Structure formats: C-alpha cells, structure tokens
Amino acid sequence: MTCADSAAYWMVDLGAGAGSKQHTITIVSVLNLNRWDSWSGKKKILNANVEILDDGSNVVASQNIGVAVQEDYTFDFGGVQGR
C-alpha cells in the first residue's frame, strides 16, 4: 500500500531484457491510467511525478500529475532517450 509511504514509487525498466545489455530507447509518450476508488468515489493519483531515467538512473525528463481529475493522463516526452 503506497498511501502510507510518502516516498513510494513504481518503476518500469524498458531497457533491460533477458540476456540483453543495458540500453536506452526513444520514449515519445507515457499513458498513465488513474485508478478509481469505487467505495469513496475518489481518484487515487495525487501529486505524482513521471520521470524518465537514463542508463545511470539520472532523471532526463520529468512531468507532474497534480490533483487527479482525469481518468487518464498522456505525457508527451517528445522522443527523449531513456529506459
């Protein structure tokens, strides 16, 4: 449960695969689907950052989801290299 942890995160590594060397890929956009809590009627994302990292785990691009009001968010990263 991430609501009790102010430093919680979720990471997807797009550059690693079975038997592959580390590498970056071109990231044009990221689609984030907002979870709906059916019992409270609230959307669950609040003040979250979507960050693109390079091979050295350095942030090369970042965008923020402030107060969640949408069902989904599409972030345009314009072809940044990341993993």
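Below, all heavy atoms of this structure are taken into account, side chains as well, without hydrogens, waters or symmetry copies. For clarity, every value in this text was computed on a predicted model and none was experimentally measured.
For the side-chain hydrogen bond (donor to acceptor under 3.5 Å, both in side chains) test, no residue two or more places apart in sequence or in another chain qualifies with S57. Checked against side chain to side chain contact (heavy atoms under 4.5 Å, CB included), V80 has the following partners two or more places apart in sequence or in another chain: I27, I52, V60, A61, F77. Listed by chain and residue number, D54 satisfy the side-chain hydrogen bond (donor to acceptor under 3.5 Å, both in side chains) test with N58 (two or more places apart in sequence, or in another chain).
Under the 4.5 Å side-chain heavy-atom criterion for ILVMFWY residues, a single connected hydrophobic cluster contains both I25 and V30. The hydrophobic clustering, which links ILVMFWY residues whose side-chain heavy atoms are closer than 4.5 Å, places V28 and L31 apart.
For Q63 (side chain) and D76 (main-chain N/O), a donor-acceptor pair under 3.5 Å exists by modelled atom type.
One distance of note links CZ of R83 with OG1 of T24; it measures 8.5 Å at 0.5 Å rounding. Rounding to the nearest 0.5 angstrom, the gap separating the CD1 atom in I65 from the CG atom in D72 is 10.0 Å.
Of all non-hydrogen atoms in N64 and F75, the two that sit nearest each other are O-CE2, 4.1 Å.
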